[in-house]
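Structure first, then comments.
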Amino acid sequence: MKYITDFTVVGREAWGETYFSLTLQHPQTLPPVAAGQFAEVEVQDCREVTLRRPISIHDVDTVRNTLSLLVQIVGKGTRKLATLREGDKLNLVYPLGRGFALRGERPLLVGGGAGVAPLLHLAKCYCARGIRPTILLGGRSADLIPARERFAPYGTLLYTTDDGSLGERGLVTQHSHFDDGYDHICTCGPTPMMRAVARHALQQGISCELSLENMMACGIGACLCCVVKSDDGHRCVCKEGPVFDATGLSQWINQ
Amino acid sequence: MQPQLATQIHNLHLKNPVMTASGTFGYGEEFADFIDLGRLGGIVVKGTTGERRQGNDYPRMAETPAGMLNAVGLQNVGVATFCDEVYPRIKDTDTHIIVNVSGSSIEEYCAVAGRINELERIPAIELNISCPNVKKGGMGFGTKPDMAAQVVQAVRKVYGKTLIVKLTPNVTDIVEIARAVEQAGADSVSLINTVLGMAVDVERRRPMLSTVTGGLSGPCVKPLAVRMVWQVAHAVSIPVIGLGGIATAADALEFLMAGARAVEVGTANFIDPTATVKIIDGLEDYCVRHHIDDINDIIGII
Ligand SMILES: Cc1cc2nc3c(=O)[nH]c(=O)nc-3n(C[C@H](O)[C@H](O)[C@H](O)COP(=O)(O)OP(=O)(O)OC[C@H]3O[C@@H](n4cnc5c(N)ncnc54)[C@H](O)[C@@H]3O)c2cc1C
Ligand SMILES: Cc1cc2nc3c(=O)[nH]c(=O)nc-3n(C[C@H](O)[C@H](O)[C@H](O)COP(=O)(O)O)c2cc1C
Ligand code: FES
């Protein structure tokens with residue numbers, strides 16, 4: 001079941017100039033939210049913004065009835081969302097899309113940029129099944145890997161940065177523990193990163209899921225604007241994804 | 001007293017004038033979690049062609065001020081799969097389901113219309129001679145009066161139920177096209193389809209859409225659409241269905257007063273999936289507030 005409903009901002013945190021998170025509370029019990037699902041967020045009172053913005057569900061607290069979003073400021077809509085403060089209302093259409101399948105006994109979660117967002121809820125879901133994932137986060141520099149302290153309790157944390165300011169220097173695929181006998185990989189982040197991770201997984205015969213971030217209009221499968229060219233034709237990212245198995249996307253991955 | 005919202009398009013009795021626009025409401029199912037589909041006047045489902053179509057390459061969408069451009073290019077499952085798989089799922093929806101029929105040739109339009117004619121629970125088709133996003137056919141048929149008349153005449157022969165023809169705004173004189181399709185046997189016209197537009201990503205120095213140009217929709221097209229509905233409503237005697245940028249009851253009322261017997265809501269569904277029912281409630285409120293017993297009393301008053 002999908003809902004359209006108002007939340008109240010009850011918490012805000014920022015990392016540097018570009019990343020912030022909002023904690024949103026609802027008066028009623030939240031529906032189940034699978035890791036990797038997202039919300040279509042309304043950007044209010046912004047003349048330049050017409051459509052909602054798709055944002056992953058970063059964290060869920062079923063005791064306090066809160067959801068968290070982790071947002072990177074990249075343009076007019078996200079800049080407007082950054083001005084929200086405690087007590088403000090935010091309208092969401094959620095939970096949308098198909099999330100991660102929670103496969104594997106030794107999973108590796110690889111995130112970059114805003115793509116780290118869904119991995120927190122994902123790591124928690126693995127932990128709830130008694131599996132502590134390895135979490136590899138990459139960025140240009142330490143201050144561009146947001147919210148990393150939140151991940152610490154839910155897995156073994158590894159980092160790469162372009163400038164060596166945190167963890168190992170280089171790309172996520174160059175990390176010394178990148179190829180450490182994992183039986184499943186989940187990845188979300190910039191397209192070149194996801195392609196490199198998925199190519200590796202396909203070559204090694206490791207199952208792999210990627211979470212795509214195509215531009216969306218409706219978020220619920222009605223407009224067909226968000227498609228990805230899969231091996232068997234166009235597939236709707238908002239409804240059949242955003243999480244896809246790498247095996248069906250080999251053309252896209254090897255582009 | 002409850003105001004009367006029911007209207008009529010040829011043989012179609014609508015509970016109220018609010019329908020959904022093709023390509024913006026899927027097959028209706030996508031919205032069932034948000035609204036009671038049975039409240040709608042009708043649902044116009046995704047454009048359906050003879051064969052399955054993959055549509056255009058991504059990116060197919062670009063946001064614009066108070067609107068959006070799309071270049072979906074009629075991606076759809078094709079008429080056979082529609083009849084075998086989709087129709088059984090949606091046929092019992094408690095409202096009129098109207099199929100938007102698209103094609104690249106007169107033969108294709110006729111083949112699709114003929115198949116849909118056999119479906120008992122589909123009381124009408126909307127003939128899309130106005131899609132700007134396909135290379136062949138589509139809008140080509142809707143921009144020349146003689147071509148438009150030819151397709152409508154041909155489809156009229158194979159289709160016996162209510163035949164609505166959807167017009168493109170991308171013409172010099174829409175009245176001329178509307179008159180031509182009326183004479184060719186259309187039972188109703190709906191307008192407008194999207195306005196041909198374009199946007200450029202200046203940072204990347206590239207067009208925003210894979211197809212370079214696309215169809216503009218949303219609030220920004222509304223004044224143009226209202227003007228065209230008003231012009232056409234005064235020129236033809238078949239009922240006109242108005243659409244283009246409707247997001248609120250006041251928007252819908254503009255179209256009704258300009259002469260539309262019913263309206264369709266498109267892009268607004270993306271922004272608020274409950275927009276249609278809010279518009280229906282708003283029409284009722286308006287009638288109560290202005291002591292209007294029957295919504296038909298304000299249709300075409302301008
Ligand atoms: C399923 C899904 C989940 C997402 N989860 C998150 C998340 O958790 N946190 C987060 O910060 N972002 C996330 N995104 C990306 C986010 O939706 C975009 O960054 C946002 O819509 C940009 O809005 P804007 O108005 O700030 O940018 P605009 O002003 O609209 O555009 C600014 C720039 O951003 C680019 N852009 C716009 N939309 C997207 C997009 N969907 N993907 C990539 N680039 C885009 C534009 O091309 C442009 O260059 C997600 C996207 C999807 C599809
Ligand atoms: C994503 C998208 C897909 C569309 N697909 C179709 C279609 O398949 N057939 C059609 O006749 N019109 C199609 N349209 C046009 C709409 O039905 C409508 O005519 C137009 O968007 C104007 O109305 P609006 O401003 O309320 O959206 C589409 C519009 C959009 C935005
Ligand atoms: S965004 Fe509309 S179908 Fe995916």
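Within every chain, numbering begins at 1; the chains are lettered A, B, ... in the order of the sequence lines, protein sequences first and strands thereafter. Only a predicted model underlies this, so the values are computations on that prediction, with no experimental measurement involved.
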OG on B:Ser22 to CG on B:Asn128, rounded to 0.5 Å: 6.5 Å
Contact origin within B:Thr64 toward chain A - heavy atom pairs under 4.5 Å: backbone
Engaged part of A:Val93 at the chain B interface, taking heavy atoms whose separation is under 4.5 Å: side chain
Spacing of OG belonging to A:Ser68 relative to CG belonging to A:Leu120, to within rounding of 0.5 Å: 8.0 Å
Cationic N near anionic O, under 4.0 Å, B:Asp272 to B:Lys278: yes
Pair listing, salt bridge (Lys or Arg N to Asp or Glu O under 4.0 Å) test, anchored in residues 22-31 of chain B, at least two apart: A:Lys239-B:Glu30, B:Glu29-B:Arg89
Polar side-chain atom of A:Thr161 near backbone of A:Ser141 as donor-acceptor pair, under 3.5 Å: no
Side chain to side chain contact (heavy atoms under 4.5 Å, CB included) assessment of B:Arg53 paired with B:Ser104: CA-CA 12 Å; B:Arg53 285 209 197 186; B:Ser104 316; 2.7 Å; yes
Contact residues of residues 41-58 of chain A (partner chain B; heavy-atom separation under 4.5 angstrom): A:Glu48, A:Val49, A:Thr50, A:Leu51, A:Arg52, A:Arg53
Inter-chain contacts: residues 208-225 of chain A against chain B, heavy atoms under 4.5 Å: A:Asn214, A:Met215, A:Met216, A:Ala217, A:Cys218, A:Ile220, A:Gly221, A:Ala222, A:Cys223, A:Leu224, A:Cys225
Exam field: side chain B:Glu85 to backbone B:Thr81, donor-acceptor pair closer than 3.5 Å: no
Option that, when pairs with chain A are counted at under 4.5 Å, heavy atom only, ranks first among B:Met61, B:Met68, B:Arg60, B:Lys46: B:Arg60
Options A:Lys229, A:Glu40, A:Met1, ranked by heavy-atom pairs under 4.5 Å with chain B, top entry: A:Met1
salt_bridge(B:Asp281, B:Arg39) N-O dist < 4.0 Å: yes
Ring centre gap for A:Phe7 and A:Tyr94 strictly below 6.0 Å: yes
Distance, nearest 0.5 Å, that separates SG of A:Cys226 from CD of A:Glu240: 8.5 Å
Rounded distance [0.5 Å steps], NZ in A:Lys89 versus CG in A:Leu24: 11.0 Å
Contacts of residues 77-87 of chain A with chain B (heavy atom under 4.5 Å): none
